[in-house]
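Here's the structure, in structure tokens; my notes come after.
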Amino acid sequence: MSFFRSSLIRGLIGLVLGWIAGSVLTIIIRVLVGLPAWKEEPVLVGGAIVGTITFMLSTGVMNDWLQWMRGLETPGPGFNQPELTGVRKLMNVSYDHKVIGIQYGITSLVLLLTAGLFGLIFRTELAEPGLQFLTADQFNSLISLHGIVNIGGILLGVGAMSNFLVPLMIGANDMAFPRLNAFAYWINIPGIVMLLTTLLLGGVDAGWTGYPPLSANLGKVAFSMFFLGVYVIGLSSILGALNVITTTLRMRAPGMSLFRMPIFVWSALATALIALTVTQLIGLSFQMVLFERVFAMDFFNPAEGGNVLLFQHLFWFYSHPAVYVFVLTGLGVISELLPVFARKPLFGYKFVAMSSMAIALIGFLVWAHHMFTSGMASYLRVPFTYTTLLVAVPTGVKFFSWIATLWRGKISFQTPMLYVLGAISIFLLGGLSGPPNATVATDLHLHDTYYIVGHFHATMFGGYIFPFIAAIYYWFPKMTGRMYSERLGKISFWFILLGFYVQSLSQMQIGLLGMRRRIADYDPALGITTQQIMITIAAFAIGFGVLVFITNIIRSMRRGEVAVANPWRSRSPEWTLLPSPIPAHNYETPIEVVGEPYDYGLEGSVYARKQAPPTVTPASGPLPAPAPAD
Amino acid sequence: MNTGKKQVERVRILIASSHPLFAEGLRSLLVKRREPEASVVGIVSTIEEAIAALRTLNPDLIIVDYDDDRVNRDEFLARFVEGEGRLRVVLLSLKEGGSEAIVYDRRSMAASQIEDWLETWGGSETITHEISIPVEESLPRSEVSKRRDNMRHFIAAGLVVIGLMVLLILGNQRIALLPIAASRQAVPIDNLFRLQFMVIIFLFSLIVGLMIYSVIFFRRKAGDETDGPHIEGSSTLEVAWTIVPLGIVLAIAVIGSQALGRTLAADPKPLRVNVIGSQWAWRFEYPELGILSTEMILPVDKQALLILSSTDVIHSFWVPEFRVKQDALPGDAFERQLRITPDEVGEYKLRCAELCGRQHYSMESPVKVLSQEEFDAWVQANAPPPPGSEGEGANPPVGRGDKLTQQFACRSCHSVDGSALVGPTWKGLYGTEEQLANGTAILVDDAYLYESIRDPGVKITAGFQDLMPHTIAKDMTDEQIADVIEFIKSVK
């Protein structure tokens, strides 16, 4: 199939044509309603909405559903064309959860690299006081996009890991809803396009949090694209979560009770429960600002009776649990990999599983700790101190369980394990920097400073990025059939880890000393210029480490040593019962679970095995002996 | 050990090499040493033959010549890994320095079965180099000696933790972490910070110390392919490490809430200061004193009650040395209070702490804490002169206009010396003909100036952009605007 007939290109062409059609439609509606025909922002929004719809139709991901709507069957493999390989396969719609998982993963890495690049640009600007090469507007746009593109990248990466791993780990041959799975992936693309158009439309300068009234500024039309883009990416999150929950609850292999699932599936389930229920709130809050901009519905305009605090409550009600969506999957990867590399059972498996659920639950109750200085009711801040500090308890259970898993183990240090150990220490640093933010009195000093920036970068990196890289390295042989280079893996690890420690500690220090966040330039009298230079250098070190990681992956895909089926001697079914790479429909023979997932060190124990073929006895009794030949 | 070990069937071996010496030599060796358990079912010399033989001969083991190009091992392995049946591949190298036989096995087995499997192929020095496994201690370890070992590990790890703690505490003392404390509100806040830093150091040292210890002393020994002890969990530990952290966080929450209460303590007679944020400057009104100022002047040791508000977007009031922070919100119903009792004379800076647009980074104002006498002197000097008195100066409206254009931040965008900033300069502006961005020209008179202040976006001067905040004059009365116009007229 030629490049130009791939789903991606067809979709993008459909997006452009639909955008134009939608714009024309909006103009017509405006004229019919009696408004002046042309106003940039409503026409842009109308175009974008129709463009999203035509994108999805043009990719072909909805074809089967459209057939069913017409009452027709859809026999045949649909979009699982086996003759496509490599990049071609990834540019086309596939219903195979493994392909979708890799599509999510690669798109995620592209977004993370883009956002990282933005970070390096403004970090260069910040190394010295004074505005050297960015204007303040450019700076504000870059930090806003750095935030939102990274968040999109993380959400897609969570989708990558959940989609790729959950069916394999529970012994299923695909997700519960393969077509919905494909739809949830592809709808991210128009969202990403919309986010990137903000760069061409003058930028968005209100931070990734987009607080009105600043984000309701009608002079900056790019905000509409910002809000719509996030809205659409959020939709993907919700649909993907639905799929993960249904698959986990309904498609486990026989013998796999909930407490016999690999621990990663527990964290994927907890993550999906959050994403399914709460993503709507960022959609709602952004939609309300969009309506304020386009329809003059003054939700947050105080001159017309609006309330800016309302936005913050609605926004943070999603955006706090969102960070648990980001990190719970990563923490699940840590729990999953530690037993394999320590050759010991996961300590207190049931408690670790329940801790993911507890974090998810408590995570719904803490949102206003982002609003301690916002002007919310003063006394109401105190309960949020209690709930925020409470999250530390199940998180602590995880940390202690991890240490107990390592204790007396037989630890080996291949690259995935290095990243897991790095993740634990960085996430610890980020998590421990949390309590001063949780208590209101200290947060009054810390809010909107670089201390917060240090806190969330450490928790995001430790809880998501490091485990994500560990997962890519770990499952690389299973995905591709080849091994990555250990040497490059170790080099990339040390650059990223050491760079990250320098960056986090410096950020936290300068925040305490008075460095605010989201500022294009800072007062040299603060005396923090040395730390700023150190942070910039550290950022480049991290960037270099990431580059080495990407190089490793790309080179090893083609030229890596051919891998055995189970290089890690893991007990998980995708390692013990599937070759590398995995065949299209996973388990040709269904599997069953006859033991515990983490019984390392228990002689002769088996976790999962292929089901024995059934022996058939006809209902009428044994067959008669064949008649003697005449 | 014997679970899962099956009756060893006759193993069918295929040899893949185009070197007759290798192939024949290997075959005769295998026949001599391994009959009748194993038999060589075929010898192939190219990759095509090898792939075909996989199907037709169905071997259990293939020994591939590592160095033979005609039997392209990489391609062979790539095909091999795509299949599904049980099969083993051993790559042998006869070259110098080849000290390994590489084994690819396409089947699954439990960890404990690997030893068995490897044992069936050990023992021959010329064909395969042994992959040796250290023999595990066959004598069972007594419970006492195990517990004694564990105790020693705990003590040693505890020392690592304590060492790390000491290092971090020393570092914490040496590195500056907070600006000087210049308000009474800072006292409970800094105490809380110090307590939290100690808890953070303790917990970080505990976890990382144990990790460092484990990473050094619980490494897998080279060649040891066995698993670690089968320890699944401990209810005691689970309860302990839930209850104790719960106690710690509750204690911190209680102490933290008390600290918050102390920062909110209200003086019965504070000094009222209205703090108004606009894009992108602060102004300060002292309603009891009738003073407007672009600098925040406060008397030491007296509580100031700040009434915070904004004329446009959300700003935030923060002086790092005072610690406490509060957002300034737009909307008449959204004034918010902040109480500050400065207790150190000095000069500080107020820095806007909520992203508010382009100049957010430079939205800073001087804050001066004066002794009571100096403050009284300042009040005297700045109180508005009674109308009609000498204090009004030669041209009272111009004098008032001069002050107003500073207080309302006009001068951050309009210069009086001719330089072009964000907006047109006022020097020599009044009475001239101004070119507008839409191509027309207009006379700069009182009406034009009034409209430009009340409705900034309607007429844009050529060469400039629509950047003047539309709400900048929201709080200005018509009299004040008249004074501003008089001032602009006076700038020649």
Side-chain angles (χ1 to χ4, degrees), chain A residues 136-137 207 211 213-214 302 308 343-345 347-348 351 373-375 382 385-386 389 392-393 396-397 399-400 403 406-412 425 428 432 435-436 439-442 444-445 447-448 481 512-514 516 518-521 562 564-565 569 576-577 579 600-604 606, chain B residues 3 77-78 81 104 106 108 110-112 177-179 188-189 192-193 196 200 203-204 207-208 210 214 218-220 224 227-230 232-233 238 241-242 245-246 249 252-253 256-257 259-260 263 313-314 316 320 323-327 329-331 334 336 351 353-358 361:
Chain A
D137 272 343
Y211 281 9
L214 188 61
V308 297
R343 310 311 301 172
K344 262 187 81 215
F347 194 93
F351 289 92
T373 65
S374 66
V382 175
T385 294
Y386 280 83
L389 285 169
V393 176
V397 167
F399 275 107
F400 294 125
I403 299 298
L406 288 172
W407 188 261
R408 319 275 341 248
K410 299 190 178 183
I411 307 173
S412 48
S425 75
L428 182 67
L432 286 177
T439 47
V440 181
T442 40
L444 296 181
H445 180 66
H447 180 70
D448 260 318
L512 283 160
L513 290 174
R516 299 164 286 152
R518 298 174 168 166
I519 52 176
D521 187 23
V562 175
V564 299
R569 299 190 291 134
T576 56
L577 299 174
Y600 295 97
L602 189 61
E603 283 294 342
V606 175
Chain B
T3 51
L77 286 171
V81 299
Y104 289 83
R106 191 177 65 209
S108 63
S112 54
L177 280 182
L178 286 168
I189 291 177
L192 188 54
F193 267 126
Q196 300 206 337
I200 290 172
L203 288 172
F204 189 82
I207 303 277
V208 172
L210 288 172
S214 304
F218 298 130
R219 312 178 81 100
R220 183 181 70 92
D224 180 3
D227 286 346
H230 182 251
E232 282 181 308
E238 297 286 349
W241 67 44
T242 307
L246 184 61
V249 303
I252 296 180
S257 307
L260 176 63
T263 66
V313 298
I314 304 176
S316 192
R323 302 291 185 267
V324 291
K325 182 185 288 125
Q326 175 61 51
D327 286 3
L329 304 177
F334 291 92
R336 292 292 184 265
R351 308 168 193 271
E354 181 63 50
L355 178 59
C356 53
R358 175 179 316 123
Y361 71 95

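Order of the sequence lines sets the chain letters (A, B, ...), proteins ahead of strands, with each chain counted from 1. Fair warning: this is a prediction, and the values are worked out from it, not measured in the lab.
Nearest heavy-atom pair across B:Pro229 and A:Arg408 is CD-O, 3.2 Å. In this structure, B:Val208 and A:Leu428 approach most closely via the heavy-atom pair CG2-CD2, 3.6 Å. Scanning both residues, A:Pro345 and B:His230, for their nearest heavy atoms gives CG-CD2, 3.6 Å.
Contacts with chain A were tallied for B:Val313, B:Ile189, B:Leu355; B:Leu355 has the most, counting heavy-atom pairs under 4.5 Å. For the set B:Ser214, B:Gly256, B:Ala259, the count of heavy-atom pairs under 4.5 angstrom toward chain A peaks at B:Ser214. Contact tally against chain B (heavy-atom pairs below 4.5 Å) for A:Val382, A:Leu406, A:Thr385: the top residue is A:Leu406. When the candidates B:Gly331, B:Pro188, B:Ser316, B:Pro330 are compared by the number of heavy-atom contacts under 4.5 Å with chain A, B:Pro330 comes out ahead. The candidate from B:Leu192, B:Thr263, B:Leu210 with the greatest count of non-hydrogen atom pairs under 4.5 Å with chain A is B:Leu192. Put simply, of A:Gly396, A:Ser412, A:Pro435, the one with the most heavy-atom pairs under 4.5 Å next to chain B is A:Pro435. The candidate with the highest count of non-hydrogen atom pairs below 4.5 Å against chain B, out of A:Ile519, A:Thr439, A:Leu513, is A:Leu513.
Both the backbone and the side chain of A:Ala520 come within less than 4.5 Å of a heavy atom in chain B. Heavy atoms of B:Glu238 lying under 4.5 Å from chain A belong exclusively to its side chain. Heavy atoms closer than 4.5 Å to chain A are found in the side chain of B:Gln196, but not in its backbone. Both the backbone and the side chain of B:Leu177 have a heavy atom closer than 4.5 Å to some heavy atom of chain A. Both the backbone and the side chain of B:Thr242 come within contact range of chain A, with heavy atoms under 4.5 Å apart. For B:Phe334, the part sitting under 4.5 Å from any heavy atom of chain A is the side chain, from C-beta outward, and nothing else. Residue B:Arg358 touches chain A through both its backbone and its side chain, counting heavy-atom pairs closer than 4.5 Å. Heavy atoms closer than 4.5 Å to chain B are found in both the backbone and the side chain of A:Tyr600.
No option in A:Thr373, A:Asp448, A:Leu214 other than A:Asp448 meets the side-chain contact (heavy atoms from CB on, under 4.5 Å) test with B:Glu354.
Remark: B:Ile200 pairs with A:Leu432, A:Pro436, B:Phe197 by the side chain to side chain contact (heavy atoms under 4.5 Å, CB included) rule, at least two apart or across chains. In terms of the side chain to side chain contact (heavy atoms under 4.5 Å, CB included) criterion, residue partners of A:Ser374 (sequence neighbours excluded) are, by chain and number, A:Leu309, A:Gln312, A:Met371, A:Met376, B:Asp327.
Checked by atom type and distance alone, the side chain of B:Arg323 never pairs as donor or acceptor with a backbone atom of A:Leu444 at under 3.5 Å.
The aromatic rings of A:Phe400 and B:Trp241 sit parallel, their planes meeting at an angle under 30°, below the 60° perpendicular limit.
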